[in-house]
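Please read the structure below before turning to the comments.
Values below: all heavy atoms of this structure, side chains included; hydrogens, waters and symmetry mates excluded.
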Amino acid sequence: MDNNSPFVFCVDLDGVVGKYHEAFRGYVARYKNLDPAQLPEATNWDFALSGWPISGRDEYLELHARAVEEGMFASMEPIENVSEVLWRLSDDDIWIRVVTHRLLIKGSHAQVVSDTVGWLQQDVGGRPMVPYRDLCFVAEKPDVGGHLYVDDAPHNITNLRASGINAVVFDQPYNQHLDGDRVTNWLSLEQYVRSAAQKHYEQQS
């Protein structure tokens, strides 16, 4: 990336900006005729290994598709302090690039994109929830470029770091085995981003 470019902060959505697992739990419980409390905390990226009644990836994708069709991406609850922190960073000229792999199911792309944009731009205190400048729907996250990424998915963190990219783990029960830098909330992440941005600009001067 050009040394004269702004500091680009690449932000994952599900599990980082939005409470995906909490939202998905509600849909799965309803589809399976269960109380949501019967579905334990997701301590593994594979829901079946966390004790959820999902037989494998095919059933997961089927349930995920149904949840998306019913508006999960339009109604997901945001993680605490995310909007305030991202606006403070953006107001200080940090470039927010949303990078997400949500286009999993053929035939649902239009709704996924529409619901995602609507959710990101929902009104919070008189302005959009997330002040993003780019929105990338991509599986190979290193391809979009950025100075710092935050992600919760173990495979994404591993791939980013293997590509020589600075990636910080957003703490979740299913990524506890990952080493390296980690943050547990958005207030801590704000300080991490500011420190990384400062180092970036010092290297430019």
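Residues Arg194 and Asp92 are paired through a salt bridge, judged by an N-O separation under 4.0 Å between the basic side chain and the carboxylate. At a threshold of 4.0 Å, the pair Glu62-Arg57 does not count as salt-bridged, since none of the basic side-chain nitrogens sits closer than that to a carboxylate oxygen. Ion pair Arg25/Glu41 not flagged as a salt bridge, since none of the NZ, NE, NH1 or NH2 atoms sits closer than 4.0 Å to an Asp/Glu carboxylate oxygen. Contact check on Arg127 versus Glu84 returns no salt bridge, with no Lys/Arg side-chain nitrogen under 4.0 Å from an Asp/Glu carboxylate oxygen.
No side-chain donor-acceptor contact under 3.5 Å links Arg97 to the backbone of Tyr149. Ser188 contributes no side-chain N or O that, together with a main-chain N or O of Thr184, makes up a donor-acceptor pair within less than 3.5 Å. A side-chain donor-acceptor contact under 3.5 Å links Asn175 to the backbone of Gln172. A donor-acceptor pair is defined here as one N or O able to donate and one able to accept, closer than 3.5 Å; no such pair exists between the side chain of Gln122 and the backbone of Gly118.
Between the CG atom in Leu103 and the OG atom in Ser108 there is a gap of 7.0 Å [rounded to 0.5 Å]. One distance of note links CG of Asp151 with CG of Asn156; it measures 4.0 Å at 0.5 Å rounding. Taking CG from Leu49 and OG1 from Thr43, the interatomic distance works out to 8.5 Å, rounded to the nearest 0.5 Å. Note that CG of Asp14 and CD1 of Ile79 are 9.5 Å apart. Values are rounded to the nearest 0.5 Å. Between the OG1 atom in Thr116 and the CD atom in Gln111 there is a gap of 9.5 Å [rounded to 0.5 Å]. Between the CD1 atom of Ile54 and the CG atom of Leu63 there is a distance of 5.5 Å, given to the nearest 0.5 Å.
The hydrophobic cluster containing Val150 does not contain Val138, counting ILVMFWY residues as joined when their side-chain heavy atoms lie under 4.5 angstrom apart, directly or transitively. Using a 4.5 Å cut-off between side-chain heavy atoms of Ile, Leu, Val, Met, Phe, Trp and Tyr, with links allowed through other members, Ile96 and Val85 fall into the same hydrophobic cluster. A single hydrophobic cluster is seen to contain both Val68 and Phe137, as judged by linkage of ILVMFWY side chains at heavy-atom distances under 4.5 Å, directly or through other members. The hydrophobic clustering, which links ILVMFWY residues whose side-chain heavy atoms are closer than 4.5 Å, places Leu148 and Val11 together. In the hydrophobic clustering of this structure, Val112 groups with Tyr132; members are Ile, Leu, Val, Met, Phe, Trp, Tyr whose side-chain heavy atoms approach within less than 4.5 Å, directly or through other members.
Heavy-atom contacts from other residues, nucleotides or ligands closer than 6.0 Å to CG of Asp179 number 12 or fewer. The 12-atom threshold is exceeded at NZ of Lys32, counting heavy atoms of other residues, nucleotides or ligands nearer than 6.0 Å. In the displayed structure, Gln38 atom CD is contacted under 6.0 Å by more than 12 heavy atoms of other residues, nucleotides or ligands.
Residues Pro131 and Met129 approach most closely at CD-O, 3.9 Å, considering heavy atoms. Smallest separation of non-hydrogen atoms from Trp186 and Val16: NE1-O, 2.8 Å. Residue Ser90 comes nearest to Arg133 through the heavy atom pair O-NH2, 4.1 Å, listed as atom of the first residue, atom of the second, then distance. When all heavy atoms of Val144 and Cys10 are compared, the pair lying nearest together is CG2-SG, 4.3 Å. Shown here for Ala167 and Arg161, the closest heavy-atom pair between the two residues is O-NH2, 2.9 Å. What you find for Lys19 and Pro78 is that their closest heavy atoms are CE-O, 3.7 Å.
Members clustered with Trp87: none, using a 4.5 Å side-chain heavy-atom cutoff among hydrophobic residues. Here Leu178 is tied into one hydrophobic group with Ile157, Val169, each link being a pair of ILVMFWY side chains closer than 4.5 Å.
Inter-residue side-chain proximity for Pro53 and Leu34 is flagged as met; some heavy-atom pair is nearer than 4.5 Å. In this structure, the side chains of Leu104 and His64 come closer than 4.5 Å at one or more pairs of heavy atoms. Taking 4.5 Å as the limit, every side-chain heavy atom of Phe7 sits out of range of all side-chain heavy atoms of Asp93.
Stacking of Arg102 on the aromatic ring of Phe73 is recorded, both the 6.0 Å distance cut-off and the 45° axial limit being met.
Sorted by first and then second residue, the ring pair (Phe, Tyr, Trp, His ring centres under 6.0 Å) pairs involving residues 23-57 (not counting sequence neighbours) are Tyr20-Phe24, His21-Phe47, Phe24-Phe47, Phe24-Tyr60, Trp45-His155, Trp45-Tyr174, Phe47-Trp52, Phe47-Tyr60. Listed by first and then second residue, the ring pair (Phe, Tyr, Trp, His ring centres under 6.0 Å) pairs involving residues 88-122 amount to none (not counting sequence neighbours).
Residue Leu86 is tested with Val98, Val130, Ile94 for a side-chain contact (heavy atoms from CB on, under 4.5 Å); the sole match is Val130.
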Practice item. Test Asp171 against Gln176 for side chain to side chain contact (heavy atoms under 4.5 Å, CB included), laying out the working first. Key: CA-CA 7 Å; Asp171 189 71; Gln176 295 302 302; 2.9 Å; yes
Practice item. Might you work through the side chain to side chain contact (heavy atoms under 4.5 Å, CB included) test for Leu120 and Leu13, ending with a clear yes or no? Key: CA-CA 10 Å; Leu120 290 169; Leu13 288 182; 3.8 Å; yes
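With sequence neighbours excluded, the residues forming a salt bridge (charged side-chain N to carboxylate O under 4.0 Å, His left out) with Asp12 are Lys141, listed by chain and number. Residues forming a side chain to side chain contact (heavy atoms under 4.5 Å, CB included) with Ser114 (at least two apart in sequence, or on another chain): none.
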